Amino acid sequence: MVKRQHVDETPAVVVATASGLFAALFGGLQPTGVTWWDPVLVAMIVGFATWVGASAAWWAVALTASVVAATSMQPIVLAVAVVVVAVALWIGTLQRPVGGVRAAVIGVALNLAAFSTLDVFDGASALAGAVAGSIAIASGLPRRRRRSRRIGAAVLGVAAGVSVVAAVGLLYSVTAAKPDLDEALTETRSAARAVRRGDFDEAASSFRRSSELLRRARSSIDRPWSGPARVVPGLSQNARAVSSVVDDSEELVQSLSDAMAAVDPSTVTLSDGRIDLVAVRRLADDLNVVEAELDELRLTLDDVESPWLVGAVQRRLDRAAADIDDNRGQLGDLSEIAELAPDMLGDAAPRRYLVMFTQPAEARGLGGFAGNFGELVLDGGEVRLDWFGRHDDLEAAVAADGASCADCPEAFLLPWGRFGFRTPDGNIGVRAWSNITMSPHLPSVAEVAEVLYPQSGRLPIDGVIVADPYVIAQLLEYTGPVRLGDGTRLARGNAADFLISGQYAIKDRDERVDVLAEAAETAMQGLLGTDLPDPVTLVEDFRVLVEEGRFLFWPLRLEEQGPFAGTALSGALDEPPGFGYIVNNAVGNKIDMHLERELVIGPGTRTTDGRATVRATITLTNAVPDGRQPNIVVGNTIGLRAGTNRMILTIYGPPEFELATLDGVPVQFDRGFEQGWVTSTLVVDLARREQRVLDLEFVGSPDGLPTWEQPLVRR
């Protein structure tokens, strides 16, 4: 049987009223987020709990105060809470009700809870206050006399009824709006993907559809039956969040659609050797407007964040925020490039970019050996090819006047310096320009070119472009076929094959070199004399070439590198962990046109201490066909049998191997470092038609392990 307790209602009501008013005026609590309603609600809740607490058992009063004391993170609040606990314990020693004192203890405790800074998780302080108040109510109400119990039960019943009605109304409204909200989110993601592709028309269309869907969702959410949820703690935050984000987002998404529609990359193109810089600046301004709209939408999502939000609502807000962040990052890079573009296109002063035409038939870490070079000059939007030559021209200048790589980056010299870039006499070797692409990391290669190019009889450069034969073939898609001096007709379909292998049917070296130079130079000159497609089409046409590492660009001015860093276009090595490998031709022939490679990653065995391992198998095949082949393809000057492929194989991956065998025979590697990777290097010979298998096993998991290979002849 519950022991009833006589309570003098007058002091209990006075204390409850004072406690509620104090909490409302000074507590700063926002249980619903509605400015006018929160003080009223706080006063009622704290006042009711204080009034009921006047009849609570002494131990419940002490427990209520103890909960507050345990969660008080501020010294002053904790000190007062300890005093309150002491008073609650003192009440237990008395033989009389002292309802006013009990109410005062409860009221002070609940007010102290308002000042708690407990941040174990969002809403922890509010939860602690709710627990404390619930203890007081659960103990005090059953001990009240019948009339008071009925009043208290009625208050709780009304509160529960309003909460249930509000919850049902909100649930119904959100359920009705959910299909439109989900579809709007899908359209937003479609818009984000369109922006990444540079298709702003499609992005504008997707944002427009999203706006229409959000408008429909808003009408479902703002039905009258969702109104009661706005006055109930917990439900109010959800109702306000959903309504606010839908309302504000609908307007902002419509603005985004309008801003996207104004972005017209097609105005920025190469026509008759010129790029319209006015159109470039206009594009930058339009992109800045889009960025501002996205930032405002992101702030809207931040404004409705609340520790009260239920999971389903919060997850949708989080997904929308993540989409905007991704979209904002892509747009930020694009906008920054557009801002930098006028200067990079020679608006303030001419810019000179070194173009390296690589030949993957002679493998290098960056793809292939750089046989031909060109200087692309941009001057006030005018684009021209100022010089075209071979590596022989640069190496002849070095041989005549000398050149030093003392200012080259150590990150390049450490793994590759021994190949002609760091010599005892301080000069670079005569084959340095032939070996400059041995590193697979273009930013380092570009820095070396920046140091060496002016020492090789040429002018300073502002950046480096890498293009292999597949890029030349793509350019011929725009220029149309070209006819060389010997009558060879190059078109999109045959250019890559001719440049990689067909040219070597020309036995005379000088004639072959002239034809190769003429092919690349004619394609470039033809490019500058025609109208290129719009940037969106160009990006799509070159997307695969960039992803494969066949078309790359790196600016040398530090302030211009930001938007390119981390993109495939930069030609930079990804950061570890992962697994990759490169091969560098070690005999100066073109035999790598016949090199076949296969990398297989899978689970290995386990180490002796039970750790899981990865098994990586690299299969290399020298598929030189039978019959006589040109000496430039299969010959060498170091005494190897014709048709032998000697390569320097470098692995980027684990710091050590549990197992490393070549054709079943254990091997030892030379260890090194490049761009945060541990490198393992081995010289491998492949006789004609020979296949060799390198098996590696190392600690780790094959699931999701990033892998990569350099771009060679076979795609």
Side-chain angles (χ1 to χ4, degrees), residues 352-359 362-375 386-466 509-510 513 517 554-558 571 582-590 632 636-639 646-648 650 670-675 679 681 683:
R352 190 176 303 271
Y353 299 97
L354 177 63
V355 185
M356 295 182 175
F357 295 94
T358 57
Q359 170 56 288
E362 184 176 338
R364 294 289 187 273
L366 203 57
F369 133 87
N372 293 84
F373 296 82
E375 286 179 18
D386 262 16
W387 176 79
F388 196 94
R390 284 189 54 77
H391 69 102
D392 297 339
D393 301 322
L394 302 177
E395 289 171 349
V398 170
D401 301 325
S404 169
C405 209
D407 294 330
C408 293
E410 188 64 24
F412 178 92
L413 294 176
L414 184 64
W416 309 107
R418 70 184 187 275
F419 295 101
F421 300 94
R422 179 178 275 166
T423 61
D425 64 3
N427 285 325
I428 63 172
V430 294
R431 295 280 293 169
W433 279 105
S434 297
N435 293 334
I436 194 170
T437 53
M438 289 186 75
S439 169
H441 187 67
L442 176 58
S444 291
V445 172
E447 289 185 53
V448 174
E450 181 183 25
V451 172
L452 297 184
Y453 198 64
Q455 300 182 71
S456 304
R458 305 305 309 165
L459 295 173
I461 56 174
D462 298 290
V464 173
I465 299 169
V466 174
R509 180 183 184 278
D510 291 337
V513 167
W554 185 248
L556 288 164
R557 301 195 183 199
L558 185 62
I582 61 171
V583 296
N584 274 286
N585 185 294
V587 289
N589 59 18
K590 313 301 177 187
I632 183 62
N636 62 82
T637 59
I638 60 174
R646 171 168 288 182
M647 67 186 70
I648 302 169
T650 303
D670 290 332
R671 296 291 187 169
F673 301 92
E674 185 171 13
Q675 301 300 323
T679 61
T681 300
V683 175

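Position 1 is the first residue of the sequence; numbering continues from there. Everything numeric here is computed off the predicted structure, so don't read it as measured data.
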Item to check | Heavy-atom closest pair, residues Pro440 and Ile582 | outcome: CD-CD1, 3.9 Å
Item to check | CZ on Phe357 to CD1 on Ile465, rounded to 0.5 Å | outcome: 8.5 Å
Next on the checklist: With rounding to the nearest 0.5 angstrom, report the CG to CG distance, Leu442 to Leu366.
Outcome noted: 5.5 Å
Checklist entry - Rounded to the nearest 0.5 Å, what separation is found between the OG atom of Ser444 and the CD atom of Gln675? => result 4.5 Å
Checklist outcome for this item: Nearest heavy-atom approach of Ala432 to Gly420 is CB-O, 3.9 Å
Checklist outcome for this item: Those residues at least two apart in sequence (or on a different chain) that pass salt bridge (Lys or Arg N to Asp or Glu O under 4.0 Å) with Asp393 are none
Item to check | Flag side-chain contact, heavy atom, 4.5 Å: Glu674 against Leu414 | outcome: no
Checklist entry - In chain order, what residues pass the side-chain contact (heavy atoms from CB on, under 4.5 Å) check against Asn636, with sequence neighbours excluded? => result Val587, Ile638, Leu640
Checklist entry - Who pairs with Ala449 by side-chain contact (heavy atoms from CB on, under 4.5 Å), at least two apart in sequence or on another chain? => result Leu354, Met356, Trp433, Ile436, Ile461, Val464
Next on the checklist: Going by side-chain hydrogen bond (donor to acceptor under 3.5 Å, both in side chains), name the residues that satisfy it together with Arg671, two or more places apart in sequence or in a different chain.
Outcome noted: Ser680
Next on the checklist: With a 3.5 Å distance limit and no angle check, can you tell me whether Ser456 reaches the backbone of Ala397 through a side-chain donor-acceptor pair?
Outcome noted: no
Checklist outcome for this item: When every non-hydrogen atom of Phe421 is compared with those of Cys405, the smallest separation belongs to O-CB, 3.2 Å
Checklist entry - Are any side-chain N or O atoms of Thr679 and backbone N or O atoms of Gly672, one a donor and one an acceptor, separated by less than 3.5 Å? => result yes
Next on the checklist: Which residues pass the side-chain contact (heavy atoms from CB on, under 4.5 Å) test with Val451, not counting sequence neighbours?
Outcome noted: Asp407, Cys408, Gln455
Checklist outcome for this item: With sequence neighbours left out, the residues meeting side-chain hydrogen bond (donor to acceptor under 3.5 Å, both in side chains) with Ser434 are His391, Glu395, Arg431
Checklist entry - Who pairs with Pro409 by side-chain contact (heavy atoms from CB on, under 4.5 Å), at least two apart in sequence or on another chain? => result Phe412, Glu447, Val448
Item to check | side-chain hydrogen bond (donor to acceptor under 3.5 Å, both in side chains) partners of Asn585, counting only residues at least two apart | outcome: Asn589, Asp592
Checklist entry - With side chains defined as the heavy atoms from C-beta onward, is the minimum distance between Leu452 and Ile428 less than 4.5 Å? => result yes
Checklist entry - Would you call Glu450 and Arg557 a salt bridge, using N to O less than 4.0 angstrom? => result no
Next on the checklist: Going by the rule side-chain hydrogen bond (donor to acceptor under 3.5 Å, both in side chains), which residues pair with Glu375 if we only count those two or more places apart in sequence or in a different chain?
Outcome noted: Arg352, Tyr453, Arg458
Checklist entry - Atom CG in Asn584, atom CZ in Phe419: separation rounded to 0.5 Å? => result 7.0 Å
Item to check | Atom pair OH (Tyr353) and CG (Asp462), whose distance is rounded to the nearest 0.5 Å | outcome: 5.5 Å
Item to check | Rounded distance (nearest 0.5 Å) linking atom CG of Asn435 with atom CZ of Arg364 | outcome: 5.0 Å
